[in-house]
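Reading through the structure tokens given below for one structure.
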There are 2 protein chains.
Amino acid sequence: MEEHLSARGRQILEAIIEDYIATAEPVGSRTITRRHPLSLSPATVRNVMADLEEMGFLASPHTSAGRIPTDKAYRFYVDSLLAVKNISRDEQEEIVRRCSLAGKDIGEVLQETSRMLSSASHYMGIVMAPRFGANVFRHMEFVKLGSRRILAILVSQNGTVQNRIIETDEGVSAADLTRMSNYLNDLLQGLTIAQVRKRLVEEMQSEKSRYDLLLAKALALSVKTLNEEDAQVFIEGQVNILDQPEFADVGRMKDIFRAFEKKNTILELLDRAMAAEGVQIFIGSESRLSGMPGMSMITSTYVTGQNTLGVLGVIGPTRMGYAKVIPIVDYTAKLVSRLLELE
Amino acid sequence: MEEHLSARGRQILEAIIEDYIATAEPVGSRTITRRHPLSLSPATVRNVMADLEEMGFLASPHTSAGRIPTDKAYRFYVDSLLAVKNISRDEQEEIVRRCSLAGKDIGEVLQETSRMLSSASHYMGIVMAPRFGANVFRHMEFVKLGSRRILAILVSQNGTVQNRIIETDEGVSAADLTRMSNYLNDLLQGLTIAQVRKRLVEEMQSEKSRYDLLLAKALALSVKTLNEEDAQVFIEGQVNILDQPEFADVGRMKDIFRAFEKKNTILELLDRAMAAEGVQIFIGSESRLSGMPGMSMITSTYVTGQNTLGVLGVIGPTRMGYAKVIPIVDYTAKLVSRLLELE
DNA sequence: GTTAGCACTCAACTGAAGCGAGTGCTAACC
DNA sequence: GGTTAGCACTCGCTTCAGTTGAGTGCTAAC
């Protein structure tokens, strides 16, 4: 299998991929010559196409149909052929407009970002919220709701808030709560959440907590909160992919939706994306995570300083408008990074 | 149009509805006689069916198919015919198990409740979170995140937490923040959120805030937060309805999903459900809210004391297992009411 | 190396035939 | 007079053969 393509081979492959991205129909030799100024006859193109098929870049659904690009072709396209478009000023402005902190909490901002990614790309937007554990402890507060019900609020450096309801057996005074939160705030100031967790466990075994049942309970609950590792993921615009012709079949559609319902498949993928920096592209079955064959994902990490906070991106069919989507994801990731910057 | 059905008429109508609920196929006269012990011949049944059709209870998709119940028939069925099943102990336990406060915040509890409703009913679960505005102010807190970024946290009596990031131009000391939150907590203690809103607006126009820019900003933001009237809705288990044969058609499916994407149609309906107390049933196009023809919704309000907090329920095709779903919704609503009780 | 020509393939469409579940009507039955 | 058997009729669904057309591979000529 000769891996080196001739210039003409690349040109034709590119033409086929772009046609297929545009139409979702298998593309034939005549179509190519008609739509692209190659000054070649269909017959010649056919010869080249046969070569490309042999090399694994193309596949034919059946003898008398045109050819469609394989995942390998998309990979090659993305790596070597693709000329990423620049993002237009209008698009930039739209993105900035829709991702603002103004009057929203972090969760809402990220969800809106996901919606924006979806509508800008016409595919699905996906945003993984910062893992709480990677964060720096900022503040803890207990609020009395009823006589036996207390709300614990935990704030991290980047503005993420977690809250939990604690049920107590005996009543607690407001003064007790203040004392407790002061105590814990002192104890935990400046630690990362991971360190906080460790410290809390130590504290639970200490003398002090043995005599302070409420404190013990609060500690136990805090630890539990902190252990929660299932990062939040916002997937928006699932309707968009219903418009893609490849999902016209109901069975196919069900599979996709079901795959998204249990988010752990996606999470695994996103975790991988977290590992690398910058824009990443997962094509079709490359991401061996079965769940979603025929889908591609373009992601980018968002960061503050040297900390990777999370990942965001777009999921669509392998037949995706990479040239248009890549800069959108890139720009959005940079914007979100800036928004969440500590300072 | 004779509204009074004979006993036999009712019996046959019931049989048809139940068959249709079970099979989703138009049901014919022979099927009825085979599956139900009516000791009547198909011909007789046909006569009755003709009457029922004339009265508007049945419709035939075309001459040579069986008949399907109209919305009017479902209404009649639900109001007069339906024998609501009792909820089994197992189901009860499952519901209790999945709706617990343990280690979750209110939002998570409600979302999980929605998921539970979905999987218990095999349709979609829907839960509208308590409107913040109907609540009693409990606590307000400012946390410094960076030198120019402050997090405002607002807690209401029932444990709902709202938080917003405030960007400031000049730095603020931690002491300033404590002072401010003390001031506001004093000012707002015991008021309902609606009253809080009013009070804040007054405060903004007072002398004090004119000289305290940060306070002014905080006030402005709080007001904004409080104005936010778009209640949160958790709709879960949309995949479930993909299994319903009536949505096998892609176009139909798209419509539904699109209707759920913009939640305001649903919100309008839920608002109506809020007005009444207890279990409510909306059938098909009765709920003149176009968005979702062919769908029914069973809801119930959840309350604490005499305050209606929110609504929860199940959405499915009009051809829904009412007898099974109604008690599930009812039981869940009561359980959630108990969970969120102040005391 | 490129191209024109040609036989061949095969999914998609079209229309006719047959099937079968179901209906409405009529006339006989209890 | 309500109930039932019988029968002609309707109409969507399936099957199947025939047709169409986009596309292919091969060969021979340019």
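Reminder, nothing fancy here: chain letters follow the sequence lines and each chain counts from 1. Note that the structure is predicted; figures quoted are calculated from it, not measured.
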Nucleotide nearest B/T31 when distance is taken to its side chain, options C/dG22, D/dT4, C/dT3: C/dG22
Given D/dA5, C/dG24, C/dT3, the nucleotide with the shortest approach to the side chain of B/R46: C/dG24
Interatomic distance, B/E53 CD vs C/dG22 P [rounded to whole Å]: 15 Å
Steps toward ring pair (Phe, Tyr, Trp, His ring centres under 6.0 Å) verdict (B/Y20, B/Y77): CA-CA 12 Å; B/Y20 187 69; B/Y77 175 69; over 10 Å; no
Of the listed nucleotides C/dA11, D/dT4, C/dT23, the one nearest the side chain of B/M49: C/dT23
D/dT24 OP1/OP2 closer than 4.0 Å to side-chain N/O of A/T63: no
Per B/S64 side chain, nearest of listed nucleotides D/dT24, C/dA21, C/dC10: C/dA21
Polar side chain donor-acceptor pair, B/R319 to B/Q244, under 3.5 angstrom: yes
A/R67 vs D/dG25: side-chain N/O to OP1/OP2 distance below 4.0 Å: yes
Out of D/dT3, C/dT3, D/dT24, whichever nucleotide has its closest atom nearest the side chain of A/L40: C/dT3
A/N47 or A/P26, whichever maps to the more 5' nucleotide of DNA chain D: A/P26
B/D19/B/R34 salt bridge by N-O under 4.0 Å criterion: no
5'-most by nearest nucleotide on DNA chain D - B/P61 or B/S39: B/S39
Heavy-atom donor-acceptor pair, B/R30 side-chain to C/dG22 base, under 3.5 Å: no
Side chain of A/T44 (C-beta onward), nearest among D/dT3, C/dT3, C/dC10: C/dT3
Any B/R34 side-chain N or O less than 4.0 Å from OP1/OP2 of C/dA21: no
Short side-chain donor-acceptor distance under 3.5 Å, A/R98 and A/S119: yes
